[in-house]
Amino acid sequence: MIIQSLRSSIANTYSRFPVTLVRGKGCKVWDDKGKEYLDFAAGIAVCSLGHCHPAVTEAITRQAGILVHVSNLYWTIPQLEVAHLLTENSFADRVFFCNSGAESMEGALKLARRHGHQNRGPDCYEVICLEGSFHGRTLATIAATGQPVFQQGFEPMPSGFVHVPPNSITALKLASGPRTAAVLIEPIQGEGGVRPVSNEFLLAAREICDRLGALL
Ligand SMILES: Cc1ncc(COP(=O)(O)O)c(C=O)c1O
């Protein structure tokens with residue numbers, strides 16, 4: 001009852017199940033009444049290691065006793081080590097650490113505009129996005145998102161985003177040009193329904209971006 005009354009202190013931005021989770025272990029979680037649930041997502045999105053794995057708990061506990069938070073004005077050894085691990089094991093040369101998917105998309109959009117401005121001039125700022133896509137809940141990322149339901153009530157949208165239907169190479173060709181700074185694609189749309197984009201469309205996007213000097 002006390003827990004229920006505290007719910008009104010949180011902004012009503014997500015529709016949540018009427019369940020308060022208090023504990024987790026592996027792929028199981030328990031609510032405040034002791035009811036056990038199987039968590040098929042074992043977390044959510046990138047948090048897919050399950051709940052309270054002993055190695056994760058040990059690492060967090062150990063670091064909490066050494067150094068918790070410093071600003072980006074300084075280097076820290078764990079950050080350098082994770083960045084190196086990521087660049088050694090992925091396509092990327094450099095890492096940008098941030099706090100959410102929306103923030104990573106904001107970073108990507110700013111990077112695309114900066115790249116367009118520096119290499120192809122100030123009119124090169126447009127990002128071509130797909131209808132049905134989802135890219136986050138900040139102003140720029142709802143403008144990139146190809147679902148009006150996320151934009152309604154927050155207009156006017158930031159400009160510079162155009163949307164084409166997924167898998168329409170013709171629409172992508174028509175929308176692209178000197179203004180195109182980047183093409184933004186979820187290879188498998190998630191929030192828009194589990195909808196994969198075709199290989200042909202991805203290859204066409206690669207070819208168009210390479211030809212224009214745009215980012216993909
Ligand atoms: C493809 C995609 N991009 C961005 C986001 C936004 O991530 P976050 O909720 O961490 O801001 C999501 C979240 O579902 C997503 O599915």
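Each residue takes its place number in the sequence, starting with 1. Atoms within a ligand are numbered from 1 in the order they appear, just like the ligands themselves. Basis for what follows: all heavy atoms, side chains included, without hydrogens, waters or symmetry-related copies.
The protein atom (non-hydrogen) at minimum distance from atom 15 (C) of ligand 1 is Phe134 CD2, 3.7 Å. Protein heavy atom closest to atom 14 (O) of ligand 1, with residue, atom name and distance, is Glu191 OE2, 3.3 Å.
Closest non-hydrogen pair, Ala175 versus Glu126, comes out as O-OE1, 4.4 Å.
Using modelled atom types, no side-chain atom of Gln151 and backbone atom of Ala144 make a donor-acceptor pair closer than 3.5 Å.
With ligand atoms numbered from 1 in the order given, ligand 1 contributes 6 (C), 7 (O), 8 (P), 10 (O), 11 (O) to contacts under 4.0 Å with heavy atoms of Gly101. Remark: ligand 1 atoms within the under-4.0 Å shell around heavy atoms of Ser100 are 10 (O), 11 (O).
In this structure, atom 9 (O) of ligand 1 is not in close contact with the protein, since no protein heavy atom lies within 4.0 Å of it.
Using modelled atom types, one finds a donor on one side chain and an acceptor on the other under 3.5 Å when comparing Glu106 with Thr138.
More than 12 heavy atoms of other residues, nucleotides or ligands sit less than 6.0 Å from atom CZ of Arg211.
Interatomic distance, CZ of Arg137 versus OG1 of Thr141, reported as 9.0 Å (0.5 Å rounding).
Checked by distance only, ligand 1 and Glu186 stay at 3.5 Å or farther apart across all their nitrogen or oxygen atoms.
Of the candidates Arg113, His117, Arg114, Arg179, Arg179 is the only one forming a side chain to side chain donor-acceptor pair (under 3.5 Å) with Tyr125.
Among Ala144, Gly192, Ala108, Ala102, the residue whose heavy atom lies nearest to atom 6 (C) of ligand 1 is Ala102.
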